[in-house]
Amino acid sequence: MNLPKKVRMFEVGPRDGLQNEKNVVPVEIKVGLIDRLTEAGLPVVEATSFVSPKWVPQLADAPEVLAKIRRKPGVSYPVLVPNRKGLDGAIAAGCDEIVIFGAASEAFSKRNTNCTIAEGLARFAEVCDEALDRGIRVRGDISVCLGCPYDGEVDPAQVTAVARELYAMGCYEVCIADTIGVGTPGKTRAVFEDVARHIPVEKLAGHFHDTYGQALANTYAALECGVAVFDSSIAGLGGCPYAKGATGNVATEDVLFMLEGLNIETGVDMGKLVEAGRYICDFLGRPTGSRVARALMAKAA
Ligand code: HMG
Ligand code: MG
């Protein structure tokens with residue numbers, strides 16, 4: 001087996017995890033969560049989004065959150081940016097990394113960002129140029145790569161076409177997302193193999209929602225393709241407000257448990273990670289979505 005020796009765990013809980021919460025989570029709790037995640041050794045914590053507060057009210061407090069976190073040296077705190085206005089907000093907040101986010105289907109692009117794929121890419125090219133000029137790193141995420149809630153099946157060639165555009169504009173990494181968790185390992189492999197014919201696999205990342213319980217299996221399939229960066233969400237929180245029924249990302253604790261079992265290095269401490277999950281679940285008043293956290297907490301009790 002030729003699996004990567006190291007994986008970069010890209011935590012998206014404070015953004016993807018919380019964006020779908022109906023009740024506004026106070027700034028202090030968001031900050032407490034982010035600081036606990038970095039204390040657990042996560043090298044990247046996607047902190048928030050600079051999107052329209054009319055579209056995602058939960059993250060309207062992005063500037064306050066970024067002003068209050070304890071920035072740990074060596075950790076990146078990327079934020080989602082959909083347009084020029086979002087970039088201005090991110091710059092004012094002192095961000096050094098942004099995430100632009102397109103889609104592999106027209107219907108999802110429209111529902112999520114109110115524009116066609118091509119219009120979105122044109123907007124992103126402008127944002128990307130400006131960010132790179134200012135020394136801000138840019139990552140590109142692509143939604144619905146393994147199926148769309150509106151258009152159904154998605155051809156890997158559509159994913160590859162968008163990925164190539166994002167990479168050509170200067171994204172340091174392109175993240176292939178299964179927004180609604182309908183992917184299975186064979187499909188996952190097919191998409192990554194198609195994209196990797198045009199973009200080095202070291203520049204690719206995986207983002208799997210666990211709606212149908214396939215996210216860990218898909219993570220493993222992507223590992224076998226040589227992918228070594230994975231998004232995950234603490235306690236399995238989250239979903240996308242513009243993809244009905246989509247549940248959270250694969251839980252960070254569950255990904256870590258699998259990677260530890262494979263002797264893949266991450267630098268993340270399981271005990272501290274489980275505590276970070278407990279902190280946010282206690283606040284939300286709901287049990288963790290992580291099977292591993294549940295098992296470890298039961299064992300410790
Ligand atoms: P629009 O309505 O076409 O935009 O939305 P607009 O330019 O007409 O602006 C509408 C209002 O929003 C205006 O305010 C703007 O100023 C304001 P008004 O004049 O009416 O008072 N506005 C903004 N305010 C703050 N920051 C901004 C901003 N932009 C406009 N950046 C837009 C277009 C792209 C803005 C909107 O569709 C949007 O914000 N979409 C984001 C949706 C979103 O965040 N979705 C979830 C994240 S993506 C995701 O979860 C998937 C991912 O996890 C991968 C996966 O799993 O697939 C990444
Ligand atoms: Mg997502």
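As the structure lists them, so they are numbered: ligands from 1, and atoms in each ligand from 1. Values reported hereafter were calculated over all heavy atoms of this structure, with side chains retained and with hydrogens, waters and symmetry mates removed. All residue numbers refer to positions in the sequence shown, counting from 1.
If you number the atoms of ligand 1 from 1 as listed, the ones under 4.0 Å from a heavy atom of F50 come out as 26 (N), 27 (C), 31 (N). Residue contact check: F101 has heavy atoms under 4.0 Å from atoms 48 (S) of ligand 1. Every atom of ligand 1 is numbered from 1 in the order shown, and the set under 4.0 Å from a heavy atom of S143 is 51 (C), 54 (C), 55 (C), 57 (O). Short contacts between ligand 1 and P53, defined as distances under 4.0 Å to a heavy atom of the residue, involve ligand atoms 24 (N), 25 (C). Listed by number with element, the atoms of ligand 1 under 4.0 Å from a non-hydrogen atom of P82 are 31 (N), 34 (C). Heavy-atom proximity to A177, at under 4.0 Å, picks out these atoms of ligand 1: 54 (C), 55 (C), 56 (O), 57 (O). Below 4.0 Å from some heavy atom of N112 lie the following atoms of ligand 1, by number and element: 37 (O), 40 (N), 41 (C), 42 (C), 43 (C), 45 (N), 46 (C), 48 (S). Interface of D141 with ligand 1, defined as ligand atoms under 4.0 Å from a residue heavy atom, comprises 58 (C).
Proximity annotation for atom 27 (C) of ligand 1: of V51, N114, V127, V51 comes nearest, heavy atoms only. Scanning D178, N20, T113 for the heavy atom closest to atom 32 (C) of ligand 1 points to T113. Counting only non-hydrogen atoms, the option in Q58, H209, K85, K54 that gets closest to atom 18 (P) of ligand 1 is K54.
With hydrogens and angles left out, the side-chain atoms of D254 and S290 include a donor and acceptor closer than 3.5 Å. T188 and N218 share a side-chain donor-acceptor pair at under 3.5 Å. Using a 3.5 Å distance cut-off with no hydrogens or angles, the side chains of E97 and Y172 do pair a donor with an acceptor. Judged purely by distance below 3.5 Å, without hydrogens or angles, the side chains of D194 and T160 pair a donor atom with an acceptor atom.
In this structure, OD2 of D16 and NE2 of H209 enclose an angle of 100° at the Mg ion (ligand 2), rounded to 10°.
A salt bridge links E21 and R286; the closest N-O separation between the charged side-chain nitrogens and carboxylate oxygens is under 4.0 Å. A salt bridge is defined here as a Lys NZ or Arg NE, NH1 or NH2 lying under 4.0 Å from an Asp or Glu carboxylate O, and E173 with R137 fails to meet this definition. Taking a cutoff of 4.0 Å between a charged side-chain nitrogen and a carboxylate oxygen, D151 and R111 do not qualify as a salt bridge. Salt bridge R36/E39: absent, no basic N to carboxylate O contact under 4.0 Å.
Contacts with ligand 1 closer than 4.0 Å are made by side-chain heavy atoms of N83 only, the backbone lying farther away. When non-hydrogen atoms are compared, ligand 1 lies under 4.0 Å from the side chain of R15 (C-beta onward) but not from its backbone. When heavy-atom distances to ligand 1 are checked against a 4.0 Å cut-off, T179 comes that close through both its backbone and its side chain.
Contact annotation: the side chain of L262 approaches that of L223 to within less than 4.5 Å [non-hydrogen atoms, C-beta and beyond].
Residue contacts with ligand 1: R123 is placed with no nitrogen or oxygen under 3.5 Å of a nitrogen or oxygen of the ligand (distance criterion only). Residue G86 has at least one N or O atom closer than 3.5 Å to an N or O atom of ligand 1.
Assignment of R84 to the shell around ligand 1 is not supported, since no heavy atom sits closer than 4.0 Å.
Inclusion of D231 in the first shell of the Mg ion (ligand 2) is not supported: no N, O or S atom falls under 2.8 Å.
Expressed to the nearest 0.5 Å, how far CZ of R139 lies from CD1 of I100 amounts to 11.5 Å.
Within 6.0 Å of atom CD in E260, more than 12 heavy atoms from other residues, nucleotides or ligands are found, so the atom counts as buried in its surroundings.
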Apply the test side-chain hydrogen bond (donor to acceptor under 3.5 Å, both in side chains) to residues Q214 and K187: give CA-CA distance (whole Å), side-chain angles for both, the deciding distance (0.1 Å), then the verdict.
-> CA-CA 11 Å; Q214 304 297 302; K187 264 194 186 172; over 6 Å; no
